[in-house]
Amino acid sequence: MSKLKKCLYLINLLERKGSLTLKEINDYYQYSSICEDDEIQPRTFLRYKDYIEETFPCYIEYNARTGKYELHRHKALYGEDDSLYDYLLSAYHIEGMTELALKHREKILLTEAPTGVENVQVILEAIDKNKGIECEYYSFNHKTVKHQLLIPYFLRTWEQRWYLVAEPDNHHHGQSVFALERMDNIRLTEGKMFPSKKITADEYFDGSFGVNHSDDQKPERILIKVYSTQAEYVNALPIHESQKEIEKTDEWSIFEYRLVPCFNFYQQLLWHRERLEVLEPLHVRDEMKKTIEKMLEHYSTQRKP
């Protein structure tokens, strides 16, 4: 069994069980599917501990007061937002299962991996070196390819796509969102280029749904009622990062959101069908009603097969 898989096992074990002594770790290890020896020896465990700190976005620390080992995330590197930590750790899990996944590929069905990932590295280099990027960009709206000279701000994933928020080199049009999958012949500029505005990704996307952004609209409070067991699914996979469950009964739950309503937001609400109802504000409720009425028109007459 590879060192990578054993280290992933230790990380997952400490995340699930909290702090443990080495004896407690070995008690669990003996019943795991990766166990090859009776136990992990102290010197071997220390090697794994060092490897985790050097390789993974986390580290194991010994608490002398409790006599137990604890798992910590590198907050100095990843801050308080756990999304990058989770994303990178999932990549190690995928790497660790490569051999078995290929062996049993007929047993695995996956959604498409996020598109545009091949361009992430060069954009991060541009951000790191204060450079711009040049590329040929295909527009769905105009069905044309246009040469772009852009100053990158930040990256975001949404619905299995990588996106870049950037501004043109002339600074005239402010920030726009570009899909990485539609960039071709991407390269760094020779000279340095600096954004005209100091803004973080959290500030830019505050109240946004997905990659939709509006300077004209402000986030508003939205209340949604979710019926039956659908509330459990909404709790497990939140509709938006601002989601809060503020009321709950055996028949329904009420969730509160803070966001700017947009096409993608309404589309997501409709995914839940009749088990979801917008309570307020009234204009969001009315928009949902109008959409449902338009949909009903398609089914109001009998169509020939």
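A cation-pi arrangement is absent between K225 and F255 under the rule of less than 6.0 angstrom and at most 45 degrees off the ring axis. A cation-pi arrangement is present between R182 and F140 under the rule of less than 6.0 angstrom and at most 45 degrees off the ring axis.
Note: I151 CD1 to Q175 CD = 10.0 Å, rounded to the nearest 0.5 Å. In this structure, the separation between CD on E54 and SG on C7 is 10.0 Å, given to the nearest 0.5 Å. Taking OH of Y299 as the reference point, atom CE of M295 lies at 6.5 Å (rounded to 0.5 Å). A distance of 13.0 Å separates CD in Q148 from CG in D184, rounded to the nearest 0.5 Å. Note: L180 CG to R156 CZ = 14.5 Å, rounded to the nearest 0.5 Å. With values rounded to the nearest 0.5 angstrom, D202 atom CG is found 9.0 Å from F154 atom CZ.
Residues N130 and M193 fail the side-chain proximity criterion, which asks for heavy atoms closer than 4.5 Å. Residues I25 and F45 are in side-chain contact: their nearest non-hydrogen atoms beyond the backbone lie under 4.5 Å apart. Between S19 and Y69 there is no side-chain heavy-atom pair separated by less than 4.5 Å. Side-chain atoms of Y29 and L10, non-hydrogen and from C-beta on, never get closer than 4.5 Å to each other. Contact of the Q243 side chain with the E256 side chain is not registered, since no non-hydrogen atoms from C-beta on lie closer than 4.5 Å. Contact check for L270 versus M288: side-chain heavy atoms found under the 4.5 Å cut-off. For the pair E181/W162, no side-chain contact is recorded, criterion being any heavy-atom separation below 4.5 Å from C-beta on. Side chains of E24 and K68 form a contact here, defined as non-hydrogen atoms less than 4.5 Å apart.
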Criterion side-chain hydrogen bond (donor to acceptor under 3.5 Å, both in side chains) on E136 and N185, from CA distance to verdict:
CA-CA 6 Å; E136 312 306 319; N185 298 325; 5.0 Å; no
List the steps, then state whether side-chain contact (heavy atoms from CB on, under 4.5 Å) holds for K49 with E61.
CA-CA 8 Å; K49 178 176 173 293; E61 186 174 63; 5.7 Å; no
Taking it one step at a time, do L8 and F56 satisfy side-chain contact (heavy atoms from CB on, under 4.5 Å)?
CA-CA 9 Å; L8 282 170; F56 293 89; 3.6 Å; yes
Before you tell me yes or no, could you show the steps for D128 and L124 under side-chain contact (heavy atoms from CB on, under 4.5 Å), namely the whole-Å CA-CA distance, both residues' side-chain angles and the distance that decides it to 0.1 Å?
CA-CA 6 Å; D128 184 58; L124 286 175; over 6 Å; no
Test side-chain hydrogen bond (donor to acceptor under 3.5 Å, both in side chains) on E167 and S196; report intermediate values, then the result.
CA-CA 9 Å; E167 68 175 330; S196 61; 3.0 Å; yes
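Minimum interatomic distance between Y137 and F178 (heavy atoms only, all atoms of both residues): OH-CA, 3.5 Å. Closest non-hydrogen pair, F265 versus I222, comes out as CE2-CD1, 3.9 Å. For M183 against C135, the heavy-atom pair with the smallest separation is CG-SG, 3.9 Å. Listed here is the closest heavy atom pair of H240 and R258: CE1-O, 3.6 Å. Taking each heavy atom of H272 and V234 in turn, the nearest pair found is CE1-CG2, 3.7 Å. The minimum heavy-atom distance between F209 and I239, with the atom names listed, is CE1-O, 3.2 Å.
Using a 4.5 Å cut-off between side-chain heavy atoms of Ile, Leu, Val, Met, Phe, Trp and Tyr, with links allowed through other members, I133 and V120 fall into the same hydrophobic cluster. Under the 4.5 Å side-chain heavy-atom criterion for Ile, Leu, Val, Met, Phe, Trp and Tyr, V211 and Y138 are members of distinct hydrophobic clusters. Under a hydrophobic clustering in which Ile, Leu, Val, Met, Phe, Trp and Tyr are joined whenever their side-chain heavy atoms come within less than 4.5 Å, directly or via other members, I186 and V165 fall into different clusters. The cluster map of Ile, Leu, Val, Met, Phe, Trp and Tyr, joined by side-chain heavy atoms under 4.5 Å apart, puts I52 and L13 in the same cluster. Linking ILVMFWY side-chain heavy atoms closer than 4.5 Å, directly or via other members, places L276 and Y266 in a single hydrophobic cluster.
A donor-acceptor pair under 3.5 Å is absent between the side-chain atoms of N212 and the main chain of S208, judged by distance alone. A side-chain donor-acceptor contact under 3.5 Å links N26 to the backbone of I40.
When the shell of 6.0 Å around OH of Y28 is examined, it contains 12 or fewer heavy atoms from other residues, nucleotides or ligands. Enclosure of atom OH in Y62 by more than 12 non-hydrogen atoms of other residues, nucleotides or ligands within 6.0 angstrom is indicated. Dense packing is recorded around CZ of R16, with more than 12 heavy atoms of other residues, nucleotides or ligands lying under 6.0 Å away.
If you run side-chain hydrogen bond (donor to acceptor under 3.5 Å, both in side chains) between S253 and each of E245, E232, Q230, only E245 comes through. Checked options Y163, Y153, W158; the residue passing with V177 is Y163 (criterion: side-chain contact (heavy atoms from CB on, under 4.5 Å)).
Screening residues 283-293 for side chain to side chain donor-acceptor pair (under 3.5 Å) gives E220-H283, E277-R285 as the qualifying pairs, with residues at least two apart or on separate chains.
The other residues sharing a hydrophobic cluster with I246 are L223, Y227, W252, I254, L279, where clustering joins ILVMFWY side chains under 4.5 Å apart.
Under the side-chain contact (heavy atoms from CB on, under 4.5 Å) criterion, K23 pairs with T21, D27, sequence neighbours left out.
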